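Remarks on the structure that follows.
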Amino acid sequence: MKAISKLKCSTPTSPLRSSPYVPATPASPDIPSPSSLLDEFTKFCYQSDLPRAIKAMNAMQTLGIHADCITYSQLIKCCLARRAVQQGKLVHQHVFSNGYQPKTFLINTLLGMYAKFNLLNDAQSLFDKMTERNVVSWTTMISAYSNAKVNDKALSFLVLMLREGVRPNMYTYSSVLRACDDLPNLRQLHCTIGKVGLDSDVFVRSALIDIYAKWGEMQNAWRVFNDMETGDVVVWNSIIGGYAQNSHGVEALNLFKRMKRAGFPSNQPTLTSVLRGCTVLALLELGRQVHVHILKYDPDLILCNALLDMYCKCGSLEDANSVFARMAERDVISWSTMIAGLAQNGHSREALQLFELMKASGTKPNYITIVGVLFACSHAGLVEDGWYYFRSMKHLFGIDPVREHYGCMIDLLGRAGKLEDAIKLINEMKSEPDAVIWRTVLSACRVHRNVDLAAHAANNILKLDPQDAGTYIILSNIYANKQRWEDVAEVREAMKNRGIRKEPGCSWVEVNKHVHAFIQGDCSHPQIDEIRRQLNRLIHRLMQVGYIPDTNFVLQDFEGEQMEDSLRFHGEKLAIVFGLMSLSKESTIRIRKNLRICGDCHLFAKLVAKMEHRVIVIRDPIRYHHFRDGFCSCGDYW
DNA sequence: TTAGGGTTAG
């Protein structure tokens, strides 16, 4: 730092300012020549060797060569590369000392440095002092605010620059798009970009795809991608990532195949999205193949974290543990993923032990880590531990409890049958309870058979989410159980009037890398007759050892035998039987469902696992069920 | 001198 302060500037009128001065006289052999010093300086900057670059600049000054805009700019980039904030600030002071008037591009470089260091106040005050601002100055500020997610500022800078008559370019638009936080704004911006003909730029294109994907507008994202005349690997990654983020695994995986066919080599971000595609579809075997492919790379932290998540969400904790154990570097996401993964798969105690290890490793938990910890407590019925973490999270980790933490606690209390305490906690919340919270309450009421509170919770859900078919059905069943037929009719009427239909239940099972789908009431599977025959035989054998179909879970449209029939052919039962028929004795039967598993299928799976000595893993939209020896990892609460 | 993609709970 001292070395830099030794640098002196000449007067603004000095001709030396326009370019570094190199004396014409040859240097003596023991004194380095000015031109070799300048070469050295450039070399050190290129190597990001900040101390030697400063030394060379000081030596140059001793010989009377003063820094100019280009050398200053090189030095600033060197500070950036070394993340040397203080030295960067000293260069800034130096640039403005002795009345020197730096060119706009040098001030832009300083602006860029502050932007990258996330020092928005410094960037803003430098920007305010600028007498001349070009498109780069404006774009740098927009990019700084976009990156810091100060979206309104970023957007207002676009308006101001237009007002000052500065024309935005592709850099500007690709930066400002990231700050677009409402759809009408985005549409207008997209329109403008089209009018000025910048929509073929790959940066603008990938930014458009990203922001549409972020808004869940995949049709628009697809349109941007599909109009593609220009493209590169990042644009492909944007569209694949967009589909994966929005849980459209099939589209993501198909696009990946297309990308390969088109000759684009995949890189780490591509594979991360491909893994996410496998994750949302619970395709363990495909995920394993991707893993083998990844081993050819030197996978970075993000890719390893995605791998961990894939194995946890595909229900293979053995694989997840082995990836976790081998990771050279772990961040808060790696730990949080593993803690939540263990908890979700029914290994709560291990999850809490891992949390202790995490703290011992010096990694600071974030709010998501605590969600995982509370989730683990609720899964294992650890009410006291849950209260301890919830009440002390602020004090211990500096994290304020938010809606999600309340949700976990309400789940914990609900599971433990402490419904009154759960309601008390809802009343303690600073924000209004959302549909997720009320669904948690409803779920607890179903287990603990609290009809009045269930109706209250269901009504609250429907106020917040009138399209939630599942809640109408539960509510209607609750009234039917109480023989409140007028209420039943009212619920049905409301459902009909709002055009709400029960989403058909679907179960998928992966056999030999092919996914077989079983939709309730659909007979299109080529082996459906044989599967049904086998299912009937299996049910018959189960009934001999005491299985009684639990008809509580059927929408009250059916009666008696018909009711049993509708249960008999639930997709997950067909999928289980198909798994038994097609997979080897040692293989785990892995099923993914689009709806929550019903109580009868849950009981069926437990008994089949015991009778057939098989492990069955069923992942529903929220929870995981590992059936083994007549027990389920969820502890019969879901 | 300014711009792009990927990971975490329910």
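Chain identifiers are assigned alphabetically (A, B, ...) following the order of the sequence lines, protein sequences preceding nucleic acid strands; residue numbering begins at 1 within each chain. All values derive from a computational prediction rather than experimental measurement.
Shown are A:Arg592, A:Lys593, A:Arg596; of these, the salt bridge (Lys or Arg N to Asp or Glu O under 4.0 Å) with A:Asp620 is made only by A:Arg596.
Applying the side-chain hydrogen bond (donor to acceptor under 3.5 Å, both in side chains) criterion to A:Thr471, with sequence neighbours excluded, gives A:Asp468. Among residues two or more places apart in sequence or in another chain, the salt bridge (Lys or Arg N to Asp or Glu O under 4.0 Å) test is passed with A:Lys214 by none. Judged as a side-chain hydrogen bond (donor to acceptor under 3.5 Å, both in side chains), and not counting sequence neighbours, the contacts of A:Asn267 are A:Asn237, A:Thr270. Checked against salt bridge (Lys or Arg N to Asp or Glu O under 4.0 Å), A:Lys394 has the following partners two or more places apart in sequence or in another chain: A:Asp400. Not counting sequence neighbours, the partners of A:Asp319 by the side-chain hydrogen bond (donor to acceptor under 3.5 Å, both in side chains) test are A:Arg288, A:Ser316. With sequence neighbours excluded, the residues satisfying side-chain contact (heavy atoms from CB on, under 4.5 Å) with A:Ala351 are A:Ile339, A:Leu342, A:Ala343, A:Ala376. Legend: residues meeting side-chain hydrogen bond (donor to acceptor under 3.5 Å, both in side chains) with A:Asn220, ordered by chain and number and at least two apart, are A:Glu217, A:Arg223.
Using a 4.0 Å heavy-atom criterion, one finds that A:Ala207 contacts no nucleic acid atom at all. When heavy atoms are screened at a 4.0 angstrom cut-off, A:Val235 is found touching base atoms of the nucleic acid. Within the nucleic acid shown, A:Val176 has no heavy atom closer than 4.0 Å to any nucleic acid atom. Within the nucleic acid shown, A:Lys116 comes within 4.0 Å of sugar-phosphate atoms alone, with no base atom in reach, counting heavy atoms only. Residue A:Phe203 is classed as a base contact, given a heavy-atom separation below 4.0 Å to a base.
Set against B:dT1, B:dA9, B:dG6, the side chain of A:Ile302 has B:dG6 as its closest nucleotide. Taking only side-chain atoms of A:Phe105, from C-beta outward, the nucleotide of B:dT1, B:dG4, B:dG6 with the closest atom is B:dT1. Nearest to the side-chain atoms of A:Asn169 among the listed nucleotides B:dT1, B:dA9, B:dT2 stands B:dT2. In this structure, the nucleotide among B:dT1, B:dG4, B:dT2 sitting nearest to the side chain of A:Lys77 is B:dT1. In the set B:dT8, B:dT1, B:dA3, the nucleotide with an atom closest to the side chain of A:Met170 is B:dA3.
Distance OH (A:Tyr367) to P (B:dA9): 10 Å, rounded to an integer number of Å. Per the geometry, CZ belonging to A:Arg403 stands 17 Å off P belonging to B:dG10, to the nearest Å. In this structure, CG of A:Leu126 is placed 15 Å from P of B:dT2, rounded to the nearest angstrom. One can place OH of A:Tyr145 at 19 Å from P of B:dT2, the figure rounded to the nearest angstrom. The interatomic distance linking A:Ile294 (CD1) with B:dG6 (C1') rounds to 11 Å, in whole Å. Atom CE in A:Met310 sits roughly 13 Å away from atom P in B:dT8 (whole-Å rounding). The distance between atom CZ of A:Phe157 and atom P of B:dA3, rounded to the nearest whole Å, is 16 Å. Here B:dT1 presents its P atom at 15 Å from CD1 of A:Ile107, a figure rounded to the nearest Å.
Applying the 3.5 Å distance criterion, the base of B:dG6 shares a donor-acceptor pair with the side chain of A:Asp300. Counting atom types as modelled, A:Ser174 pairs a side-chain N or O with a base atom of B:dA3 as donor and acceptor under 3.5 Å. Taking only distance into account, the side chain of A:Asn305 never meets the base of B:dG6 through a donor-acceptor pair shorter than 3.5 Å.
Applying the 4.0 Å criterion to OP1 and OP2 of B:dA9, one finds that A:Lys313 has a side-chain N or O inside that range. One finds a side-chain N or O of A:Arg178 lying less than 4.0 angstrom from the OP1 or OP2 phosphate oxygen of B:dG4. When the side-chain nitrogen and oxygen atoms of A:Arg276 are compared with OP1 and OP2 of B:dT8, one or more of them lie within a distance under 4.0 Å.
Aromatic stacking is marked for A:Tyr171 over B:dT2, as both cut-offs hold: 5.5 Å for the centres and 30° for the planes.
At a threshold of 4.5 Å between non-hydrogen side-chain atoms, the residues A:Met161 and A:Val135 count as touching.
Cation-pi check for A:Arg83 over A:Phe117 is not met; the charged atom does not lie both under 6.0 angstrom from the ring centroid and within 45 degrees of its normal.
Here side chain to side chain donor-acceptor pair (under 3.5 Å) pairs that include residues 203-213 of chain A, with residues two or more places apart or in two chains, are A:His190-A:Tyr212, A:Asp210-A:Ser238. Sorted by first then second residue, the side chain to side chain donor-acceptor pair (under 3.5 Å) pairs that include residues 298-310 of chain A, not counting sequence neighbours, are A:Asn305-A:Asp331, A:Asn305-A:Ser334, A:Asp309-A:Lys313.
Ring centroids of A:Trp335 and A:Phe355 are separated by 6.0 Å or more, keeping the two rings apart.
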- How far apart are the C-alpha atoms of A:Trp138 and A:Glu164, what are their side-chain angles, what is the distance that settles it, and do they pass the side-chain contact (heavy atoms from CB on, under 4.5 Å) test? CA-CA 11 Å; A:Trp138 286 99; A:Glu164 290 209 0; 3.6 Å; yes
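Remark: A:Ile333 in residues 328-336 of chain A come within less than 4.0 Å of DNA chain B through at least one heavy atom. A heavy-atom distance below 4.0 Å to DNA chain B is reached by these residues of residues 344-357 of chain A, ordered by number: A:Gln344.
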Note, DNA chain B 5' to 3' with Watson-Crick or G-U pairs under 3.5 Å encoded as ( ), [ ], | and . gives ..........
